[in-house]
Protein chains: 2
Amino acid sequence: MTLKELAQKLGLSPTTVSRALNGYPEVNEETRRRVAEAARLHNYRPNTQAKRLATGRAMAIGHVIPLSTRHEIVNPVFADFIAGAGEVYAQSGYDMVLSIVPDADEERAYREVKSKRSVDGVIVHGPRRIDGRIELLDALGLPFVVHGRVSTAARPYAWVDVNNQRAFERATGFLLDLGHRRIALVNGIETMDFAWRRRQGYEAALAARGLVPDPGLMVSGEMTEALGHDAARAMLARPDAPTAFVTASLLIAMGVRRALEETGLRIGRDVSVVTHDDDLGYLQNGGDEPIYTATRSSVREAGRRCAGHLIAMIEAGASMAPPGELLEAALVVGQSTGPLPGAETAIRTVPGIALPVATDARGGDGVAANHAGNGARHDAGHGARSNGLGSKPPAGD
Amino acid sequence: MTLKELAQKLGLSPTTVSRALNGYPEVNEETRRRVAEAARLHNYRPNTQAKRLATGRAMAIGHVIPLSTRHEIVNPVFADFIAGAGEVYAQSGYDMVLSIVPDADEERAYREVKSKRSVDGVIVHGPRRIDGRIELLDALGLPFVVHGRVSTAARPYAWVDVNNQRAFERATGFLLDLGHRRIALVNGIETMDFAWRRRQGYEAALAARGLVPDPGLMVSGEMTEALGHDAARAMLARPDAPTAFVTASLLIAMGVRRALEETGLRIGRDVSVVTHDDDLGYLQNGGDEPIYTATRSSVREAGRRCAGHLIAMIEAGASMAPPGELLEAALVVGQSTGPLPGAETAIRTVPGIALPVATDARGGDGVAANHAGNGARHDAGHGARSNGLGSKPPAGD
DNA sequence: GCCGACACTCAAATCGCTTTGAAGCGTTGG
DNA sequence: CCAACGCTTCAAAGCGATTTGAGTGTCGGC
């Protein structure tokens, strides 16, 4: 059933039928009703391709997923992210088109998508600290939103990111408040922007207590269970083993747990673990009571936000300043953390309910209460700070 | 840069340019070279929409992802599956378009995709034992391949599936060979076809030893870490606690591990665990030596196979009989299994190397050696059986 | 010298929609 | 009575490719 056929059946011209269906004002209400009725009756749907050709809009958003040829890992947060984005696309009538490309071909993929005009904009996944894609897309004139940020970008661009620096600063601070001093970091690959920012946060928290990060306690790699396990095994074998871990993902934390188990240590009592939690649908951090103490921020929500911004940009045309949005992670207290064994503590941690108020082994520094206050389960939560300027965020973020 | 412009620059007609670029024979080789050169120089790419309209082919494959409104879980294997499918699409020049839809709207999504003509075919995800989608798509005349099967389907249809029944029969048999008799099953939701087949396999293995499945040892639910944990906790608290678990996913197995840990039991010694392993990129079952004994089958490979079959069907037109392909899972031996404590065993399991030869506590039944033989690490592996008939597979699968 | 075959190339139609510019028609106001 | 004006509707021209059917020029055979 084409527009022409439908028009014929109705004894109208294609023009009128088109206008009637697309809600143009210059068509008689009675006619519009008739047309709508007939369209429904004959199950008419405009041919997507024809519509796109005529309007010049693809009504589609591209996601170019780099598939590293070396480690071949599909980012596990990806499924949740596109679920969030997909919701928004569906509401706005956009299609989502995915290109899985070997990372060597990534640039070519963007160029192609542009010159083929098959999408109206793209989401950039997995930004690196130094990342040529921003410039490339700017040059191509293809609207885009970055999930994350590129610290080294020269010009404003649109992004949605979690405040990774602050999240890890708080996570580390939380452990420091509990008396821990030897705190390990098991991080993602630090050429990735988010991982680098997380390390900044970790180091900042240590620095605030006058502690120097020990390179032997910092590991970075592909964020797998195996990484957590192997890193923890190695570190726990040292004479000056860490008493706490900060990890970049739930999977890593699970690996650390396995290593602890093998070593005969009890998580939350002998050794504490704080992790970042992307709040993935299939990888929940417990139910009512979190298993791991974690900085939590929903990747799915990030997907929704990215999609929303991108569509706004596309529909506004070039006139719009690129939006930037920083999402705050909540710090939720679970069963994986406790005071440094042997240190005097005022109150024992009661997961998910009370707040740990640790007496710093070296005599408290006043930051404890502050951090504890922020550690409340129902935190400011996913509160977001948004700026319409798209300027590079202050260095501290 | 459009075809017309390019033709003008070359002093040729659009026809000739189009033919030259699309490899038609009736164009002078010299001319073809000139055209190709100019196209590359001006970075010409045919406008996707125009091409699609002209050819009537969308050059795109749809994936309709149902998003359950109740449990809101995005299938974790999904990312790997589309990575596999995406590779194949890229090679063949197809786009992948995803629709994330609340499962109530699923039927509408398929109808829409059909009448809008925005894809040439679809992949069906997460088939249920009773699933109306087969009939729907048949009726719509939209080519499709099912990832999995629908046991109750009346007519042939295209599918790619793992031999779930046999995999779980072998997994259970393996534990039986080790002397275990109280074996728990922590399964996916059994309205899903794959989960139901897995239970069939589990029960068949028990039945082969004259054992009756104990409903108290069978749990099914969303395949999360929490499910594994909670199920194991509950079962282990029983007076007649299981000595072994068969689980449907690595995440469930990790949950069981956590429960064992909490209960003070040692995995692989006190309690054995065999799991199914989808060989996901980000959730590897150890490196050289598997952590969990598992039936392993790559979801990514399944994605590739599905994509390949679908493209073949699309390009062959309606003339082709729907292909069906059954992939066999390998049984790899890891550190999570061992003989029933207290039973006499001939040889202790050496993970990944030797084969367990258990003396059945009740006096062996001859099946042990057989199963042990199949348990070899470098098994038949991903060997596949393919039939060009697309008939419903024999009931035993 | 004429004709058909062959090798190229092209003009124009087509795909199914949107959109521009204009026309039909009944009503008003000067 | 005629021009002007809304309100509707329409014919036709795009959008940018593919594809049909026709046209040109060259060559060999008779």
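- For D:dA11, the OP1/OP2 oxygens have no side-chain nitrogen or oxygen of A:S13 closer than 4.0 Å.
- In terms of heavy-atom proximity, B:A302 sits nearest to B:H147 at CB-NE2, 3.7 Å.
- Put simply, B:S18 has a side-chain N or O that comes within less than 4.0 Å of OP1 or OP2 on D:dT18.
- The distance from atom CE of A:M1 to atom P of C:dC17 is 10 Å, rounded to the nearest whole Å.
- Note: CZ (B:R117) to P (C:dG16) measures 7 Å, nearest angstrom.
- A close approach under 4.0 Å does not occur between any side-chain nitrogen or oxygen of A:T15 and OP1 or OP2 of D:dA11.
- Note on B:T2: only backbone sugar-phosphate atoms sit closer than 4.0 angstrom, heavy atoms only; bases stay farther off.
- The CZ atom of B:R33 sits 17 Å away from the C1' atom of C:dC8 (whole-angstrom rounding).
- Between A:Y24 and the phosphate of C:dT18, there is no side-chain N or O to OP1/OP2 separation shorter than 4.0 Å.
- Electrostatic pairing of A:D103 and A:R128 does not count as a salt bridge here, judged by no charged N lying under 4.0 Å from a carboxylate O.
- Between A:E29 and A:R33 there is no salt bridge, since no side-chain N of the basic residue sits under 4.0 Å from a carboxylate O of the acidic one.
- Nearest nucleotide to the B:L12 side chain, out of D:dA17, D:dG16, C:dT9: C:dT9.
- Proximity of B:Y44 to the phosphate of D:dA17: a side-chain N or O atom is located under 4.0 Å from OP1 or OP2.
- Atoms CG (B:N47) and P (D:dA17) sit 6 Å apart, rounded to a whole Å.
- Salt bridge present: B:E301 and B:R304 bring a charged side-chain N and a carboxylate O closer than 4.0 Å.
- Among the protein residues, B:T48 comes within range of no part of the nucleic acid, since none of its heavy atoms lies under 4.0 Å from any strand.
- Rounded to whole Å, the distance from CG on B:L21 to P on D:dT18 is 8 Å.
- When ring centroids are compared, B:H125 and B:F81 come within the 6.0 Å threshold.
- Regarding B:K51, its NZ atom lies at a distance of 19 Å from the C1' atom of C:dG16, rounded to whole Å.
- Annotation: of the two residues near DNA chain C, A:R45 and B:E29, the 5′-most nearest-nucleotide partner is B:E29.
- Rounded to whole Å, atom C1' of D:dC7 lies 15 Å from atom CD of A:E30.
- Which of C:dC15, C:dC17, D:dA17 sits closest to the side chain of B:A50 comes down to D:dA17.
- Rounded to whole Å, the distance from CG on A:L3 to C1' on D:dA11 is 14 Å.
- Note on B:T55: only backbone sugar-phosphate atoms sit closer than 4.0 angstrom, heavy atoms only; bases stay farther off.
- Comparing A:V27 and B:N22 along DNA chain D, the residue whose closest nucleotide (by nearest heavy atom) sits nearer the 5' end is A:V27.
- Look at B:R111 and B:E107 and you find a salt bridge, because one of the NZ, NE, NH1 or NH2 atoms lies within 4.0 Å of a carboxylate O, short of that distance.
- Using a 4.0 Å heavy-atom distance criterion, A:R19 is classed as a base contact.
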